[in-house]
Amino acid sequence: MASSAQSGGSSGGPAVPTVQRGIVKMVLSGCAIIVRGQPRGGPPPERQINLSNIRAGNLARRAAATQPDAKDTPDEPWAFPAREFLRKKLIGKEVCFTIENRTPQGREYGMIYLGKDTNGENIAESLVAEGLATRREGMRANNPEQNRLSECEEQAKAAKKGMWSEGNGSHTIRDLKYTIENPRHFVDSHHQKPVNAIIEHVRDGSVVRALLLPDYYLVTVMLSGIKCPTFRREADGSETPEPFAAEAKFFTESRLLQRDVQIILESCHNQNILGTILHPNGNITELLLKEGFARCVDWSIAVYTRGAEKLRAAERFAKERRLRIWRDYVAPTANLDQKDKQFVAKVMQVLNADAIVVKLNSGDYKTIHLSSIRPPRLEGENTQDKNKKLRPLYDIPYMFEAREFLRKKLIGKKVNVTVDYIRPASPATETVPAFSERTCATVTIGGINIAEALVSKGLATVIRYRQDDDQRSSHYDELLAAEARAIKNGKGLHSKKEVPIHRVADISGDTQKAKQFLPFLQRAGRSEAVVEYVFSGSRLKLYLPKETCLITFLLAGIECPRGARNLPGLVQEGEPFSEEAMFFTKELVLQREVEVEVESMDKAGNFIGWLHIDGANLSVLLVEHALSKVHFTAERSSYYKSLLSAEEAAKQKKEKVWAHYEEQPVEEVMPVLEEKERSASYKPVFVTEITDDLHFYVQDVETGTQLEKLMENMRNDIASHPPVEGSYAPRRGEFCIAKFVDGEWYRARVEKVESPAKVHVFYIDYGNREVLPSTRLGTLPPAFSTRVLPAQATEYAFAFIQVPQDDDARTDAVDSVVRDIQNTQCLLNVEHLSAGCPHVTLQFADSKGDVGLGLVKEGLVMVEVRKEKQFQKVITEYLNAQESAKSARLNLWRYGDFRADDADEFGYSR
């Protein structure tokens, strides 16, 4: 405001009133206005000016809510036309004024002129001339201003203007309506057509009081889709503005207060109307957002008739420039490079119903979660049988449908990924499990937002956020609209119908069920399936939709590199190229629709057969890409020729599993060792342990009595001086005593200490191993140490035979040996020494039959051909036994002689 000088002077004489300037903010009545100055760094100062020497009618007033007996006061005649006359003439205009009088209460009276100086239109005179105000009673015309007012009044009377016209002026009294009985019906009755209105009051930047014309409804209008900072009312009645609340209020006031506008009534919230205010100069809702005075609100943005995207774009504009309320804003993806924010990737796998695994152009795999949606979940706590393991894909209603929708639409396709935010990792709480960091994005294919499609089918719901939580989908409003449609149409999760039930039988590893199911699958020929999981290059889990069951499926005809395995106490490393084979199979068939031919099953209930993807045989493809070798069992298959030709081509390239391949000479010449006679000096031994690799431990029968005596003395000593439980701290390589499952103490050696509860020990007199807690171990008394009597268990291996490397075949051989010789007395002859342990022949004590030769006769092992002259006689006997087993198609030979090709690939050498 220009000058705020007062009109008073010294008591010596009247002072000349100072001319001051301002902009009219509001017209309170026909004889009072509020003027403001120019804004400088914030809302400007303002003051109320009352017109001197005239009186206009009082406007209607609503009874105070705190006074229940009070009644509403109506307009006085011609009060509203007087207010409107000034409003239309002055609002937003520059005026000058002089203060002529100031009451003790601070009320100021003066003259107001339109324009920059007193030569402009005298507002008081104009009001009186139009018959909208009168001179104050008892006012004498003793100066020029008062004379002019008197003349104007006489002219108005003569012309019968305004209050001097005929009648009592009742037609100028408004029928004000402060409440609406049925707001919803009121809003709907206007069918979103613009309603003329005057903005009477601005509560804050986004909430106003509007007078709807022509029916004079006085309503509170909240701007749809946005919220400005507000004024918080304190306990003492004062108001504390939030940051930028005063600025936002001024922004709206300076543009809308007491302006003629149009309002689109869009919805209602209690007695408040949600709407959009239209002004010839623009849309205040979008302007507030663009200037950083407001933020979008989810609960009302959907009713905004001009499209939520316009509001989001305006808000985004302010955020990017960090205007006002966004001054400290940091974008959720601010730390990401542009190439990491938007990229094209190939979908490899669908995880449940809200996440996918994609393959980037770099070849890396990345898990992407769909922004702002929640997959189907179990409602309530008692819906699941606690004794039954939960299978989310099949047991959670609509989870399978959601997964299938994504699988059929996305698997193997290229999609556009726009990262919306990174959700940081969160630790586990009592009610919520831990979550790793999540990349949340909007995924589109062919212009279709996958999350929106999922929500519109009722297969996912939209997550609700706190208003200040900016980590959400960039298309959040479309998601909310899609959910509203799904709810309205009763789709999926919102349906009133019974939920779909998927009774899927999992017969993986169930030998009995697998046996019953095998003939059915064999007769079916090619069956349709979906690959649910890839364990390794050749081992998969399949879902058969026609049979509604899950099976474990092994690819026939090939030997694929074995992957890493977790065994008790250790991790067994995978064979070379096992990872590459698994990724190859994953990329080709995971979650794809395939055809399978089941030929047989193994002992564990896994089905064996051929898998076809888009007409190609997966076994052949793996061999073709040098990620597998042909197994001898493929000989009887119709795909054998294809496999062989693929393998031959892979061998020539010398890649991956064939990287070190060299063609074997037709005749392999073994180095001939020094010629000598074979010595056959059999000694009696007692076999105590057979290992999984077909080695065995024996005790010398001659020293057996010494061991028995030592054990008896040691146990007596321990009984009289028992070790204190937990007092022994085991160390690797140390000798100790260990309590076996039979409750007796034995001599042992510590091989590994995982923890006090897991100590690996080797029983030195018997050859067996065990994992024990340290509480079952004790210090070995010196009187019974290995110096007194050496360890009695000696390790040997069978001479002249090859131990099968195939797990099943080796198990059969070990089982046969355990059955025949464990815990029995035999005769042992050392044939030759080796790096690991001596190789021997073993005979049964009674029949003198050769145990190794018996294994060859049963077709459980193959002969290891040695060229030493002294072994030729026994080797010939072994080879004859092998030919007999081969002719009889026993065990290893049940599919014929598989050594015609590269038998060494299968763990044997000729």
Side-chain angles (χ1 to χ4, degrees), residues 509 511-512 514-519 521-523 538-539 551-560 562 596-611 617 619 623 628-644 647 690 692-694 798 800-820 849-865 875 877-910:
T511 313
Q512 286 302 110
K515 279 181 182 175
Q516 295 168 9
F517 207 52
L518 178 63
L521 288 177
Q522 287 172 326
R523 287 195 301 271
S538 60
R539 184 185 180 90
I551 64 170
T552 300
F553 189 81
L554 310 179
L555 295 179
I558 61 171
E559 184 184 19
C560 198
R562 190 188 298 277
V596 292
E597 296 175 75
V598 174
E599 285 193 344
S600 59
M601 61 172 276
D602 65 11
K603 293 178 181 179
N606 303 314
F607 294 97
I608 303 170
W610 308 93
L611 185 145
N617 186 322
S619 297
V623 173
S628 288
K629 299 178 180 179
V630 179
H631 194 263
F632 67 85
T633 52
E635 286 180 16
R636 52 198 167 84
S637 163
S638 58
Y639 304 107
Y640 185 53
K641 286 186 178 178
S642 302
L643 288 167
L644 283 183
E647 185 176 60
I690 315 291
D692 289 341
D693 55 358
L694 212 54
F798 283 101
F800 312 132
I801 67 169
Q802 295 181 56
V803 178
Q805 293 199 1
D806 178 76
D807 286 349
D808 292 339
R810 187 167 65 250
T811 301
D812 290 343
V814 170
D815 288 348
S816 176
V817 172
V818 168
R819 189 170 55 248
D820 290 343
D850 189 330
V851 177
L853 184 61
L855 292 173
V856 174
K857 285 179 179 178
E858 291 179 31
L860 293 169
V861 297
M862 286 174 57
V863 177
E864 179 191 36
V865 178
I875 291 292
E877 187 180 3
Y878 270 57
L879 287 172
N880 290 338
Q882 182 170 278
E883 288 302 316
S884 299
K886 195 190 305 179
S887 302
R889 298 285 181 109
L890 297 177
N891 292 307
L892 289 176
W893 312 105
R894 57 184 176 275
Y895 300 122
D897 190 348
F898 54 86
R899 302 174 305 151
D901 295 303
D902 302 286
D904 58 324
E905 297 167 27
F906 314 117
Y908 308 101
S909 58
R910 299 189 63 187

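Just so you know, these numbers come straight off a predicted model, no measurement behind them.
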Which heavy atom of [X] sits nearest a heavy atom of [Y], and at what distance?
X: Ala881; Y: Leu853; result: CB-CD1, 3.7 Å
X: Trp610; Y: Ser637; result: CZ2-OG, 3.0 Å
X: Ala813; Y: Val861; result: CB-CG1, 4.2 Å

Short question: side chain of [X], backbone of [Y] - any donor-acceptor pair under 3.5 Å?
X: Asn891; Y: Glu858; value: yes
X: Glu559; Y: Val630; value: no
X: Ser884; Y: Asn880; value: yes

Side-chain touch [X]/[Y], heavy atoms, less than 4.5 angstrom:
X: Trp893; Y: Glu883; answer: no
X: Leu855; Y: Ile801; answer: yes
X: Val865; Y: Gln882; answer: no
X: Phe517; Y: Met601; answer: no
X: Val623; Y: Glu647; answer: yes
X: Glu877; Y: Asp850; answer: no
X: Ile558; Y: Ser538; answer: yes
X: Arg810; Y: Leu694; answer: no

Under the side chain to side chain contact (heavy atoms under 4.5 Å, CB included) criterion, do Asp602 and Leu554 qualify, and how do the steps go? CA-CA 9 Å; Asp602 65 11; Leu554 310 179; 3.4 Å; yes

Let me confirm one number: the [atom1]-[atom2] distance from [X] to [Y], rounded to the nearest 0.5 Å.
X: Glu864; Y: Met862; atom1: CD; atom2: CE; value: 11.0 Å
X: Glu635; Y: Tyr640; atom1: CD; atom2: OH; value: 4.5 Å
X: Ile690; Y: Asp815; atom1: CD1; atom2: CG; value: 11.0 Å
X: Phe632; Y: Leu892; atom1: CZ; atom2: CG; value: 7.0 Å
X: Arg539; Y: Leu555; atom1: CZ; atom2: CG; value: 11.0 Å
X: Asp692; Y: Thr811; atom1: CG; atom2: OG1; value: 7.0 Å

Check the angle between the aromatic planes of Tyr878 and Phe800 and answer parallel, tilted or perpendicular using the 30° and 60° thresholds. perpendicular

